[in-house]
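Because the structure is predicted, anything quoted here is derived from the model rather than measured. Side chains are part of it too, since the values below use all heavy atoms of this structure and drop only hydrogens, waters and symmetry mates.
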Amino acid sequence: MGSRFGYAYRHELWMDDEIMERYAPPAYPSRSATGHSQWIWYEFRTKFVVEDEEGTRTALGSEMFNACCFSDMHLLFVMGGRLWDEYWMTLDEAQTLCLSAMEFAREREAFHPTLAVVPVVVEIEVCTVQQAGEAITATFDRAIQPDRLRPISLHIVEGTEPCPVGPVPSSYLRRLPKIRVESVEQGWDLMDVCGICSRGATVGDRVTHLKCNHAFHLHCAVKWLMGSKFCPSCNAQEYNRWPRSDKTNIVLEKSGSTTCSLTYLDL
């Protein structure tokens, strides 16, 4: 599995009863409310590796998260974005993996009809593969790895820790514009160097521009804005929330009312 140039993806599926011992059971809606007889508890375990031309593999880290789903569409909604947005899978690859997990879960569900919750492990390997003529340092530079991804908490995932409360809300961080770098030349055009990590933009990176037009790696900008609402390069305010008195005045003029309510806008 894996069709994007320079990247390969593999996955395995199995049941693991120990999953339910690690998590507090959620409050499950009734069977009639969901239309399904059982819930599926998916635990996603992702390993990130680099493979050189000789087949030698280097581990880059891992991540684990979970989702309790009551329908196939629910799983696609919860997991799809992580696969194609963060792991850089193609849409077809992401859909194939999700459909494979759904099919496996439904087979286990039929085989274990007395279980209220079916625990399924989805183990994923994200492999960055060295290409012919490519320096191994360049392969590592473009490798997909945990510290270059947005926090899992920004995705809508059941059971993960909530995004820490900070000066910029997670809903705003999710909407930051992003461009995936697909060539060295494109990376140079987008930014010389990230003002947060001091790295350039390499193939596979995602770059975002703040309102002041300064460019950063997306994951760097997200982590920075979880602790500050100001641009790290020029200190311009990226996010604010305040009463729009000009809008209120317009309402008063049109209505002739002597009362008003303040309207807050995310800027």
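- Counting heavy atoms from C-beta on, the side chains of V168 and E238 never come closer than 4.5 Å.
- Applying the salt bridge (charged side-chain N to carboxylate O under 4.0 Å, His left out) rule to D189 yields no partners; only residues at least two apart in sequence or on another chain are considered.
- Under the 4.5 Å side-chain contact rule for hydrophobic residues, V122 and W88 share a cluster.
- Looking at L13 and E107, their side chains never come closer than 4.5 Å, going by heavy atoms from C-beta outward.
- Side-chain contact between F65 and M79 is present, with at least one heavy-atom pair separated by less than 4.5 Å.
- The number of heavy-atom neighbours closer than 6.0 Å to CD of E103, taken from other residues, nucleotides and ligands shown, is 12 or below.
- The OG1 atom of T208 sits 8.5 Å away from the NZ atom of K178 when rounded to the nearest 0.5 Å.
- Under the 4.5 Å side-chain criterion, counting only non-hydrogen atoms from C-beta, M102 is not in contact with I40.
- Shown here are the salt bridge (charged side-chain N to carboxylate O under 4.0 Å, His left out) partners of E12, two or more places apart in sequence or in another chain: there are none.
- The backbone N or O of D141 lies less than 3.5 Å from a partner atom in the side chain of T202, making a donor-acceptor pair.
- No donor-acceptor distance shorter than 3.5 angstrom exists from the side chain of R10 to the backbone of C127, with no hydrogens or angles considered.
- Residues R57 and E51 are paired through a salt bridge, judged by an N-O separation under 4.0 Å between the basic side chain and the carboxylate.
- V193 and V181 fall into different hydrophobic clusters, where Ile, Leu, Val, Met, Phe, Trp and Tyr are joined by side-chain heavy atoms under 4.5 Å apart, directly or via other members.
- Criterion: ILVMFWY side-chain heavy atoms under 4.5 Å apart, direct or through other members. Under it, V184 and V129 are not part of a common hydrophobic cluster.
- The stretch residues 191-203 participates, sequence neighbours left out, in these salt bridge (Lys or Arg N to Asp or Glu O under 4.0 Å) pairs: R199-D205.
- Distance alone, capped at 3.5 Å, is enough to place a donor-acceptor pair between the R180 side chain and the G204 backbone.
- Under a hydrophobic-cluster definition in which Ile, Leu, Val, Met, Phe, Trp and Tyr are linked whenever side-chain heavy atoms come within less than 4.5 Å, directly or via other members, I179 and I196 are assigned to different clusters.
- Note that OG1 of T46 and CE of M64 are 10.5 Å apart. Values are rounded to the nearest 0.5 Å.
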Derivation and outcome, side-chain contact (heavy atoms from CB on, under 4.5 Å), residues R82 and E63: CA-CA 12 Å; R82 191 76 180 170; E63 69 177 16; 2.9 Å; yes
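- In this structure the side chain of L149 reaches within 4.5 angstrom of the side chain of I144, judged on heavy atoms.
- Counting heavy atoms from C-beta outward, V126 and Y9 have side chains that approach closer than 4.5 Å.
- By the 4.5 Å heavy-atom criterion applied to side chains, R150 and L176 are not counted as neighbours.
- At least one donor-acceptor pair under 3.5 Å links the side chain of T96 to the backbone N or O of D92.
- Summarising the geometry, atom CZ belonging to F140 is positioned 8.5 Å from atom CD belonging to Q145; distances are rounded to the nearest 0.5 Å.
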Return a table of donor-acceptor pairs under 3.5 angstrom between the side chains of residues 218-227 and protein atoms on other chains or two or more places apart.
from, atom 1, to, atom 2, distance (Å)
H219, ND1, R148, O, 3.3
K223, NZ, D147, O, 3.0
W224, NE1, F230, O, 2.8

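- Among all heavy-atom pairs drawn from C231 and H214, the shortest one is SG-ND1, 3.6 Å.
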Verdict with reasoning, L83 to Q95, per side-chain contact (heavy atoms from CB on, under 4.5 Å): CA-CA 9 Å; L83 296 178; Q95 289 178 334; over 6 Å; no
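- Evaluated for a side-chain hydrogen bond (donor to acceptor under 3.5 Å, both in side chains) with T139, the options E53, Q131, Q130, E134 yield exactly one hit, E134.
- Scanning for side-chain contact (heavy atoms from CB on, under 4.5 Å) contacts around T137 gives A135, with sequence neighbours left out.
- Between V50 and A143, the closest heavy-atom pair is CG2-CB, 3.7 Å.
- Here the side chains of V118 and H112 are not in contact, with every heavy-atom distance at 4.5 Å or above.
- Hydrophobic cluster membership is shared by F44 and F104, with clusters built from Ile, Leu, Val, Met, Phe, Trp and Tyr side chains linked at under 4.5 angstrom.
- The minimum heavy-atom distance linking C194 with H217 is given by the pair CB-ND1, 3.3 Å.
- Taking all atoms of both residues into account, the shortest heavy-atom contact from S62 to P146 is N-CG, 3.7 Å.
- F48 pairs by the ring-ring contact (aromatic ring centres under 6.0 Å, His included) definition with Y87, not counting sequence neighbours.
- If you take OH on Y239 and NZ on K211, they are separated by 9.0 Å, rounding to the nearest 0.5 Å.
- R142 and G6 make their closest contact through NH1-O, 3.1 Å (heavy atoms, listed as atom of the first residue, atom of the second, distance).
- For L210 against P232, the heavy-atom pair with the smallest separation is CD1-CD, 4.3 Å.
- Distance check, rounded to the nearest 0.5 Å: CZ of F5 to CD of E182 gives 12.5 Å.
- Taken to the nearest 0.5 Å, the SG atom of C98 stands 7.5 Å off from the CH2 atom of W84.
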